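Okay, structure first, notes after.
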Amino acid sequence: MHTDLIQTSKVQQKKGILLVNLGSPRSTETKDVREYLDEFLMDDKVIDYPWFFRSLLVQGIILNTRPKKSAAAYKTVWTEEGSPLIVFTQKIMDKLEKIVDVPVEIGMRYAQPSIENGIKKLVDQGVTEIVLFPLYPQYAMSTTETVIEKAEEVRKKKFPNIKINYIQPFYNREIYINCLAESIREKLPENFDALQFSYHGVPERHIYKTDPTKTCNLNDCCSRDSNPSHQFCYRHQCFKVTEKVIEKLGLPKEKVMVTFQSRLGKDKWMEPYTDETLENLPKMGIKNLAIVCPAFVSDCLETLEEISVEGKEEFLHAGGEVFNYIPCLNDEDRWIEVVKTLCMEKINEFFLV
Ligand SMILES: C=CC1=C(C)c2cc3[nH]c(cc4nc(cc5[nH]c(cc1n2)c(C)c5CCC(=O)O)C(CCC(=O)O)=C4C)c(C)c3C=C
Ligand SMILES: [Fe+2]
Ligand SMILES: [Fe+2]
């Protein structure tokens with residue numbers, strides 16, 4: 001009798017998937033970019049100063065000049081369908097929907113379509129249990145953590161009766177590493193002097209702040225095999241992806257480097273910086289470079305403009321000869337299979353609870 005009741009209640013639960021990415025401005029108009037940057041940078045998980053200082057910095061300084069500059073950059077990558085980041089996330093959704101038997105929606109942490117919008121669409125289809133997938137391989141306070149915080153806020157306020165289960169960062173999952181390695185292998189040129197892994201940076205302070213063990217010193221501990229801080233150490237997780245991928249590709253360590261891009265403001269961000277490295281490589285004899293950006297699963301402003309256009313110019317200007325940008329996983333079928341596996345794993349786990 002007791003088991004029957006539990007099973008009956010389980011059958012009544014309807015599951016759905018919400019794919020979450022960072023988000024882009026509504027358009028490339030400066031006012032829309034300003035609105036987007038305002039929401040993004042006023043998030044205390046992104047600029048983690050007390051509210052007064054954050055608003056002084058963001059609304060008093062950054063929003064005076066950056067929106068115009070960023071709008072011009074967005075114009076160079078925008079497509080007829082819209083922002084590459086959102087278009088690729090939609091493509092993942094479209095492909096995933098065809099191979100799973102539950103509804104799939106997307107939601108962006110900032111701007112539209114919002115997380116609330118995505119949850120509502122699922123709820124309108126009768127969904128009561130959501131598997132939410134933050135599309136970031138590595139954990140960071142400014143990505144995974146803020147997504148979960150926002151989704152929980154929306155759930156408590158607007159959808160208190162639904163359940164959300166979160167997919168954890170997947171940087172060390174074999175299926176993801178195989179997928180990334182195969183994708184890179186296909187796109188690597190025949191000859192190259194070095195392969196650069198350029199990850200989005202974060203301020204060093206963020207790493208210390210989110211380390212529950214307070215053991216990470218942003219030194220060699222991040223590359224050690226085991227340390228209790230690794231679960232929340234973005235730096236470690238970037239190193240781990242690199243290490244596992246180059247092992248799969250059979251590349252010697254000497255041919256590979258890790259750098260961090262897209263820094264903002266005057267804080268100390270993780271080093272070495274991508275732009276400085278690109279300027280120095282030609283002097284070190286590296287003229288033919290391949291570069292990949294595995295903090296991003298979808299190409300976006302930070303890869304298409306900052307790396308494949310600006311980065312290329314920096315490298316060539318400094319004496320580099322060949323610059324090969326390796327695109328992100330985007331909507332490659334092998335990546336869709338990984339998304340499916342991670343989602344179904346969580347759905348089944350959910351079902352067993
Ligand atoms: C991949 C993980 C990301 C981390 C970690 C991250 C941290 C982080 N970012 C900023 C500031 C900006 N990032 C911007 C764009 C942007 N950032 C990510 C991802 C991560 N950010 C993506 C995917 C994008 C592209 C969005 C798109 O529409 O294509 C921008 C906006 C663009 C610009 O003006 O340069 C800013 C600003 C901080 C401060 C931060 C950690 C503290
Ligand atoms: Fe670390
Ligand atoms: Fe960013």
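First listed ligand is number 1; within each ligand, the first listed atom is number 1. If you're wondering where the values come from, they're calculated on a predicted model, not measured in any experiment.
Taking any N or O of Tyr136, backbone or side chain, none lies under 3.5 Å from an N or O belonging to ligand 1. At a 3.5 angstrom cut-off on N or O pairs, Ser142 does not count as close to ligand 1. Of the polar atoms of Tyr74, at least one N or O is found under 3.5 Å from an N or O of ligand 1, judged by distance alone.
If you look at Ser298 next to ligand 1, there are no close heavy atoms at all, none under 4.0 Å. With a 4.0 Å heavy-atom cut-off, ligand 1 is reached by no atom of Gln138. With a heavy-atom cut-off of 4.0 Å, Tyr36 touches ligand 1 through its side chain alone.
Under the ring-ring contact (aromatic ring centres under 6.0 Å, His included) rule, Tyr139 has a single partner from Phe232, Tyr166, Tyr171, which is Phe232. For the side-chain contact (heavy atoms from CB on, under 4.5 Å) test with Tyr234, the passing option among Thr210, Ile207, Thr144 is Ile207; the others fail.
Under the 4.0 angstrom criterion for non-hydrogen atoms, Trp269 is in contact with ligand 1. Using 4.0 Å as the threshold, Tyr199 has no heavy atom nearer than that to any atom of ligand 1. Using 4.0 Å as the threshold, His206 has a heavy atom nearer than that to some atom of ligand 1. Between Gly23 and ligand 1 there is a heavy-atom distance shorter than 4.0 Å. Ligand 1 does not have Ser262 within reach: every non-hydrogen atom of the residue lies 4.0 Å or more from it.
Residue Leu37 approaches ligand 1 through these ligand atoms, each under 4.0 Å from one of its heavy atoms: 31 (C), 34 (O), 37 (C). The atoms of ligand 1 that sit less than 4.0 Å from any heavy atom of Leu301 are 29 (O), 32 (C). Within the listing of ligand 1, atoms 5 (C) sit less than 4.0 angstrom from a heavy atom of Val202. Near Ser70, meaning under 4.0 Å from any of its heavy atoms, are these atoms of ligand 1: 33 (C), 34 (O). Listed by atom number, the atoms of ligand 1 under 4.0 Å from Leu264 heavy atoms are 39 (C).
Coordination check, His230 versus the Fe ion (ligand 2): failed, since every N/O/S atom of the residue sits at 2.8 Å or beyond. For the Fe ion (ligand 2), the N/O/S atoms of Cys221 include none lying under 2.8 Å. His236 lies apart from the Fe ion (ligand 2) in this respect, since none of its N, O or S atoms is found at a distance under 2.8 Å.
Nearest to atom 12 (C) of ligand 1 among the protein's heavy atoms is Phe40 CE2, 3.4 Å. The nearest protein atom to atom 8 (C) of ligand 1, hydrogens excluded, is given as His200 CE1, 3.2 Å; this is a heavy-atom distance. The closest protein non-hydrogen atom to atom 1 (C) of ligand 1 is Ala295 O, 3.3 Å. Protein heavy atom closest to atom 35 (O) of ligand 1, with residue, atom name and distance, is Arg66 NH2, 2.7 Å. For atom 2 (C) of ligand 1, the nearest protein heavy atom (residue, atom name, distance) is Thr143 CG2, 3.6 Å. Of the protein's non-hydrogen atoms, the one nearest atom 42 (C) of ligand 1 is Val46 O, 3.2 Å.
The shortest distance between side-chain heavy atoms of Lys255 and Leu195 does not fall below 4.5 Å. Counting heavy atoms from C-beta on, the side chains of Val58 and Ile47 come closer than 4.5 Å. A 4.5 Å side-chain heavy-atom check between Asn227 and His236 finds every atom pair outside the cut-off.
Relative ring orientation between Phe197 and Tyr199 is described as parallel, the plane-to-plane angle staying below 30° on a 0-90° scale split at 30° and 60°. Note on ring orientation: taking the six-membered ring where Trp is involved, the planes of Tyr110 and Tyr36 are perpendicular (angle over 60°, cut-offs 30° and 60°). By the 30° and 60° cut-offs, the orientation of the rings of Phe296 relative to His200 is tilted.
Using a distance-only test at 3.5 Å, with no hydrogens or angles considered, no donor-acceptor pair links the side chain of Arg34 to the main chain of Pro67. A donor-acceptor contact shorter than 3.5 Å is absent between the side chain of Glu276 and the backbone of Pro272. Distance alone, capped at 3.5 Å, places no donor-acceptor pair between the Ser183 side chain and the Cys179 backbone. In this structure a side-chain-to-backbone donor-acceptor pair under 3.5 Å is present from Arg109 to Thr146. Looking at Asp299, its side chain does come within 3.5 Å of a backbone N or O of Cys328 through a donor-acceptor pair. A donor-acceptor pair under 3.5 Å links the side-chain atoms of Asn348 to the main chain of Met344, judged by distance alone. Under the 3.5 Å distance criterion, the side-chain polar atoms of Glu306 are left unmatched by any main-chain donor or acceptor of Gln261.
The closest heavy-atom contact to atom 16 (C) of ligand 1, among the options Arg263, Glu305, Glu302, comes from Glu302.
For the pair Lys120 and Phe159, the cation-pi test (distance below 6.0 Å, angle within 45°) is failed.
Taking the Fe ion (ligand 2) as the apex, the angle formed with SG of Cys216 and SG of Cys222 is 100°, to the nearest 10 degrees.
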